[in-house]
Amino acid sequence: MRKHTYTECAEINFSKLEERLMAINNPNFTKADEFREMLYSLMVDYRPTLIMATGGSKVVAYYLQLILEQIGLGGMICEVIEPRDYFYKENIRLFSNLVVISASGKSNGIQEAVSDFPGNKYLICEGENFLDCSSVSWSNECFEKEKSFVSLATSLGPITLLLTAIHSLNLELCPVEIQRINEKVLELFSKSQDKIRELSINFHNVDLIQVLSGYDTRASSSVLESNLVESGACIPVLHDKGSFCHGRSNLLFQNPDSQFVYLTHRRKMLDQVLMDCLTLEYSNVSVFHTEDLTDDVFWKEYYLILQMYFLSKKIAEDRGIDLTQPEYNSSIVQKTYKYRGEM
């Protein structure tokens with residue numbers, strides 16, 4: 001076992017996160033414009049779109065899916081897949097667009113998928129692109145490259161640019177508008193941090209985190225799941241709210257020492273029933289919501305995503321694990337992460 005020698009500790013990465021987000025969404029660059037042009041292109045004729053991502057990049061994929069399906073007013077079909085899924089999916093030819101999300105652009109299977117796909121192809125990446133597709137890069141000369149085993153800015157950066165792009169589709173994307181969005185991002189950043197600081201829970205002896213989520217919180221729940229798994233901080237289990245009503249509550253009954261995380265934007269009747277039942281029977285339920293925000297679902301999910309990043313950090317700290325510089329099995333990681341063979 002060893003720590004990743006090319007990463008910085010969580011305290012450093014989180015202390016730089018705010019600055020890095022502002023550098024990525026810098027009003028003096030055209031990155032948000034590029035993301036907006038990509039959204040315009042994907043909206044043409046509302047054609048079916050595949051979004052390919054793996055690891056921490058799936059957070060960006062789910063957020064992009066939320067955007068495309070919302071602005072498509074139900075007329076846009078989007079599906080998020082892993083790179084390996086591409087080679088087993090029989091209806092690939094029914095999709096017109098492929099959006100690949102990869103910081104390096106070198107994840108295994110991506111080059112083969114891009115070469116094979118017959119439709120419109122886009123890559124959201126950090127730097128220069130060598131693939132045969134339209135590239136949208138989110139880094140610039142102001143951005144200090146992140147050194148982290150668990151991606152923070154490499155996920156939040158493109159999500160922030162997508163947030164800016166969607167809120168400027170019908171506006172002139174001027175520096176003043178971008179600055180207005182950045183000010184709100186910083187406000188939510190601070191509020192999210194405060195929410196987690198106010199938690200009275202200590203996760204030191206918690207081995208299992210159960211997350212109750214839904215379609216509208218898929219991006220935020222994947223933040224928590226991915227961060228906890230990749231850092232090895234805890235075992236997360238994701239429950240759909242509907243599926244939880246069909247027997248999955250027994251995991252909580254059999255593991256009363258686990259911690260329960262409930263994610264919600266809107267308290268529908270089912271949400272209220274679930275929260276009433278859970279809080280009546282158990283004391284280990286924490287509800288994370290966006291009810292203090294009156295904006296649209298894109299802002300709300302962005303807010304919840306921020307909360308889950310800070311919650312990930314707290315859980316790891318309480319467990320004595322560094323979120324962005326964890327110990328890992330070097331033999332397994334090197335052999336599997338660098339694998340570039342047939343998928």
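Heavy-atom basis, side chains included; hydrogens, waters and symmetry copies ignored.
At a cut-off of 3.5 Å, with distance as the only test, no side-chain donor of Tyr62 or Ser221 sits close to an acceptor on the other residue. Judged purely by distance below 3.5 Å, without hydrogens or angles, the side chains of Asn182 and Lys184 never pair a donor atom with an acceptor atom.
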- [ ] Carefully, step by step, assess Glu317 and Asp322 under the rule side-chain contact (heavy atoms from CB on, under 4.5 Å).
- [x] CA-CA 6 Å; Glu317 284 177 347; Asp322 192 293; over 6 Å; no
Is there a salt bridge (charged side-chain N to carboxylate O under 4.0 Å, His left out) between Asp295 and Lys300? Walk through the geometry before answering. CA-CA 7 Å; Asp295 300 84; Lys300 284 179 173 288; over 6 Å; no
Problem set entry | Glu79 vs Ile51, side-chain contact (heavy atoms from CB on, under 4.5 Å): CA-CA, chis, key distance, verdict | CA-CA 6 Å; Glu79 185 177 346; Ile51 307 173; over 6 Å; no
* Walk me through it: do Thr160 and Tyr302 pass the test side-chain hydrogen bond (donor to acceptor under 3.5 Å, both in side chains)? => CA-CA 8 Å; Thr160 304; Tyr302 187 87; 2.7 Å; yes
Would Tyr40 and Arg36 satisfy side-chain hydrogen bond (donor to acceptor under 3.5 Å, both in side chains), going step by step from the backbone distance to the final call?
CA-CA 6 Å; Tyr40 276 133; Arg36 185 168 68 164; 4.7 Å; no
For this session: Determine, step by step, whether Lys121 and Val100 satisfy the side-chain contact (heavy atoms from CB on, under 4.5 Å) criterion, reporting the C-alpha distance in whole Å, the side-chain angles of both residues, the deciding distance to 0.1 Å, and the verdict.
Result: CA-CA 8 Å; Lys121 296 168 279 192; Val100 176; over 6 Å; no
Next item on the list: Start with the C-alpha gap between Glu177 and Arg180, add the side-chain angles, then the distance that decides, and say whether salt bridge (charged side-chain N to carboxylate O under 4.0 Å, His left out) holds.
Entry: CA-CA 5 Å; Glu177 180 63 19; Arg180 184 192 68 79; 2.8 Å; yes
(Q) Is there a side-chain contact (heavy atoms from CB on, under 4.5 Å) between Val287 and Met275? Walk through the geometry before answering. (A) CA-CA 8 Å; Val287 179; Met275 285 189 281; 3.8 Å; yes
| task | Please test Asn13 against Thr324 for side-chain hydrogen bond (donor to acceptor under 3.5 Å, both in side chains), starting from the C-alpha separation and ending with a verdict. | result | CA-CA 7 Å; Asn13 276 315; Thr324 68; 3.0 Å; yes
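Between Glu291 and Arg266 there is no salt bridge, since no side-chain nitrogen of the basic residue lies less than 4.0 Å from a carboxylate oxygen of the acidic one. The pair Asp194-Lys191 fails the salt-bridge criterion, with no side-chain N (NZ, NE, NH1 or NH2) lying under 4.0 Å from an Asp/Glu carboxylate O. Taking 4.0 Å as the cut-off between side-chain N and carboxylate O, Arg218 and Glu301 do not count as a salt-bridged pair. At a threshold of 4.0 Å, the pair Lys314-Asp318 counts as salt-bridged, since one of the basic side-chain nitrogens sits closer than that to a carboxylate oxygen. Using a cutoff of 4.0 Å between basic side-chain nitrogens and carboxylate oxygens, Asp240 and Arg248 are not scored as salt-bridged.
Cation-pi contact between Lys313 and Phe14: present, with separation from the ring centre below 6.0 Å and deviation from the ring axis of at most 45°.
With Thr49 as the fixed residue, the side-chain contact (heavy atoms from CB on, under 4.5 Å) test singles out one of Met76, Met43, Glu69: Met76. When the options Val136, Leu163, Val60, Leu64 are evaluated for a side-chain contact (heavy atoms from CB on, under 4.5 Å) with Pro158, the one that passes is Val60.
Using a 4.5 Å heavy-atom cutoff, the side chains of Leu156 and Tyr309 are in contact. Side-chain contact between Ser102 and Cys125 is absent, with no heavy-atom pair separated by less than 4.5 Å.
Side-chain atoms of Glu225 never come within 3.5 Å of backbone atoms of Val237 as a donor-acceptor pair (strictly under, hydrogens ignored). Remark: the backbone N or O of Val206 is paired with a side-chain donor or acceptor of Arg319 at under 3.5 angstrom. Judged purely by atom type and a 3.5 angstrom limit, Gln307 uses its side chain to pair as donor or acceptor with the backbone of His289. In this structure, the side chain of Ser222 engages the main chain of Ala219 through a donor-acceptor pair within 3.5 Å. The main-chain N or O of Val223 is never found under 3.5 Å from a side-chain atom of Ser226 such that the two would form a donor-acceptor pair. Using a distance-only test at 3.5 Å, with no hydrogens or angles considered, no donor-acceptor pair links the side chain of Asn255 to the main chain of Asp257. For Gln210 (side chain) and Phe260 (main-chain N/O), no donor-acceptor pair under 3.5 Å exists by modelled atom type. Remark: side-chain polar atoms of Ser213 are paired, donor with acceptor, to backbone N or O of Thr217 under 3.5 angstrom. Between the side chain of Asn284 and the backbone N or O of Pro256 there is at least one donor-acceptor pair closer than 3.5 Å. Asn250 places no side-chain N or O within donor-acceptor distance of the main-chain N or O of Phe253, the cut-off being under 3.5 Å.
With hydrophobic clusters built from ILVMFWY side chains whose heavy atoms lie under 4.5 angstrom apart, Val297 does not share a cluster with Tyr262. Both Tyr88 and Phe117 belong to a common hydrophobic cluster when Ile, Leu, Val, Met, Phe, Trp and Tyr are linked at side-chain heavy-atom distances under 4.5 angstrom. Cluster membership for Leu186 and Leu161, using ILVMFWY side-chain heavy atoms within less than 4.5 angstrom, is shared. Hydrophobic cluster membership differs between Tyr215 and Leu274, with clusters built from Ile, Leu, Val, Met, Phe, Trp and Tyr side chains linked at under 4.5 angstrom. Linking ILVMFWY side-chain heavy atoms closer than 4.5 Å, directly or via other members, places Ile315 and Leu199 in a single hydrophobic cluster.
Atom CG of Asp216 sits about 9.0 Å away from atom CD of Gln70, to the nearest 0.5 Å. The distance from the NZ atom of Lys16 to the CG atom of Leu21 is 14.0 Å, given to the nearest 0.5 Å. Residue Glu126 holds its CD atom at 8.0 Å from CD1 of Ile24, rounded to the nearest 0.5 Å. Separation of atoms NZ (Lys268) and OG1 (Thr264) is listed at 10.0 Å; rounding is to 0.5 Å. To the nearest 0.5 Å, atom CG of residue Leu311 and atom NZ of residue Lys195 are 12.0 Å apart. With values rounded to the nearest 0.5 angstrom, Leu306 atom CG is found 6.5 Å from Leu188 atom CG.
Residue Glu230 qualifies as enclosed at atom CD: its count of foreign heavy atoms under 6.0 Å is above 12. More than 12 non-hydrogen atoms from other residues, nucleotides or ligands lie less than 6.0 angstrom from CG of Asn202.
The heavy-atom pair separating Cys245 from Leu270 by the smallest distance is SG-CD1, 3.8 Å. Ala165 and Ala32 make their closest contact through CB-O, 4.0 Å (heavy atoms, listed as atom of the first residue, atom of the second, distance). The minimum heavy-atom distance between Asp207 and Cys234, with the atom names listed, is O-SG, 3.2 Å. Met38 and Leu162 make their closest contact through CE-CD2, 4.2 Å (heavy atoms, listed as atom of the first residue, atom of the second, distance). Heavy-atom minimum distance, Leu98 versus Ala113: CD2-O, 4.3 Å.
Residues Tyr328 and Phe149 bring their aromatic ring centres within 6.0 Å. For an aromatic pair to be called close, the ring centres must be under 6.0 Å apart, and Phe35 with Trp138 fails this.
Annotation: ring-ring contact (aromatic ring centres under 6.0 Å, His included) contacts of Phe189 (sequence neighbours excluded): Phe310.
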